[in-house]
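Since this is a predicted model, take the numbers as computed values, not measurements.
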Number of protein chains: 2
Amino acid sequence: MARHLQPVEALSALAHDTRLQVFQLLVQAGTEGMTAGAIATAVDVPASTMSHHIATLERAGLAQSERESRMIHYRADYDGMRRLLSFLMEDCCQGRPEMCADLVSAMACRP
Amino acid sequence: MARHLQPVEALSALAHDTRLQVFQLLVQAGTEGMTAGAIATAVDVPASTMSHHIATLERAGLAQSERESRMIHYRADYDGMRRLLSFLMEDCCQGRPEMCADLVSAMACRP
DNA sequence: ACAATATTTCCATATTTCTCAAAATATAGG
DNA sequence: CCTATATTTTGAGAAATATGGAAATATTGT
């Protein structure tokens, strides 16, 4: 049992409205990141509750933290997200090219 | 609140070891699909427990069912999965092309 | 050393999810 | 109509997750 530990943890972390919002915010914030307080304010959730959620994202490999004087800056962990997406795509595509065809065009990042 | 209803439901459905295994099985099974019994046997989970899990996947738009005499065939809902992946990619890529670059090569489905 | 600010950890409670046996439903064949 | 098979629904307890106030920790400035 427990075959998909990491992917399940990452999926689980994103499977929550508040945490998904937070992850989006962090992606938007880019390398700058956001302080815990700014995140809590933006999403309008008490600091302690938010702290739990952020910790969950961090454990799941989807966010990273760095203390900067009194504040702690959080940023999205792109590598973790990439790992999750790769897993899902290899998982869902295995042997079925027709599946991912549209996905490529859905990617807003091509030149 | 509850801003991300559908994506969260789909993520939540996949955020469980058994259900993730089931989804993979269904993808592998292709258009044939698998009966509820075959799935339960393959994953070694009691029928009633499995029924709940499959229902969760179906509600989340990741599986479809079709009765065929006494058995019920389930198949992966590729469209639902594509929707989820699109959401995640647009979400994680917004404005950052460097993020998805590697993803394209991670897709095992290119010719 | 103290006060102020930023954040986390502790703790208790509330809610949701998970599990599976037992009963119910659906279908097919004799 | 009865029996067997396939699956779901019901119901209830166990486990996990979510929430947030209060206390603890970390840092800075005075």
Exercise. For the side chain of A/Ser51 and the backbone of A/Ala47, is there at least one donor-acceptor N/O pair under 3.5 Å apart?
Worked result: no
Problem set entry | Separation of C/dT7 P from A/Ile39 CD1 (nearest whole Å) | 9 Å
Seminar exercise, completed: Contacts of A/Thr56 and B/Tyr74 projected onto DNA chain D by closest heavy atom; the upstream (5') one is B/Tyr74
Problem set entry | Short side-chain to backbone donor-acceptor contact, A/Thr49 and A/Val45, under 3.5 Å | no
For this session: Search all heavy atoms of A/Thr18 against all heavy atoms of A/Met50 and return the closest pair with its distance.
Result: CG2-CE, 4.0 Å
Exercise. Does some side-chain heavy atom of B/Leu84 sit less than 4.5 Å from a side-chain heavy atom of B/Leu14?
Worked result: yes
Seminar exercise, completed: In short, B/Ala42 meets B/Leu25 closest at the heavy-atom pair CB-CD1, 3.8 Å
Exercise. Atom NE2 of B/His73 and atom C1' of D/dT8: how far apart are they, to the nearest Å?
Worked result: 17 Å
Problem set entry | Whole-Å distance separating the NE2 atom of A/His16 from the C1' atom of D/dA18 | 6 Å
For this session: Take the protein atom CG of A/Leu11 and the nucleotide atom P of D/dT17, then report the distance between them rounded to whole Å.
Result: 14 Å
Exercise. Under the 3.5 angstrom rule, does the side chain of B/Arg19 hit a backbone N or O of B/Ala13 as a donor-acceptor pair?
Worked result: yes
Exercise. Just checking, any donor-acceptor pair under 3.5 angstrom between side chains of A/Arg59 and A/Thr56?
Worked result: yes
Exercise. Which of residues 40-55 of chain B have a heavy atom under 4.0 Å from DNA chain D?
Worked result: B/Ala47, B/Ser48, B/Ser51, B/His52
Problem set entry | Atom of B/Ala63, atom of B/Asp77 and distance for their closest heavy-atom approach | N-CB, 3.6 Å
For this session: Measure the distance from CG on A/Leu57 to P on C/dT7 and round it to the nearest whole Å.
Result: 16 Å
For this session: Indicate, with a heavy-atom threshold strictly under 4.0 Å, whether A/Thr35 touches base, sugar-phosphate, or nothing.
Result: sugar-phosphate
For this session: Rounded to the nearest angstrom, tell me the gap between atom CG in B/Asp17 and atom C1' in D/dA16.
Result: 15 Å
Seminar exercise, completed: Smallest heavy-atom separation, B/Arg75 atom then B/Leu26 atom, equals C-CD1, 4.1 Å
For this session: Using a 4.0 Å heavy-atom cut-off, write out nucleotides 25-30 of chain C from 5' to 3' as B (base contacted by protein), S (sugar-phosphate only) or - (no contact).
Result: -SBS--
Exercise. How close or far is atom P of C/dA6 from atom CD of A/Glu66, stated in whole angstroms?
Worked result: 18 Å
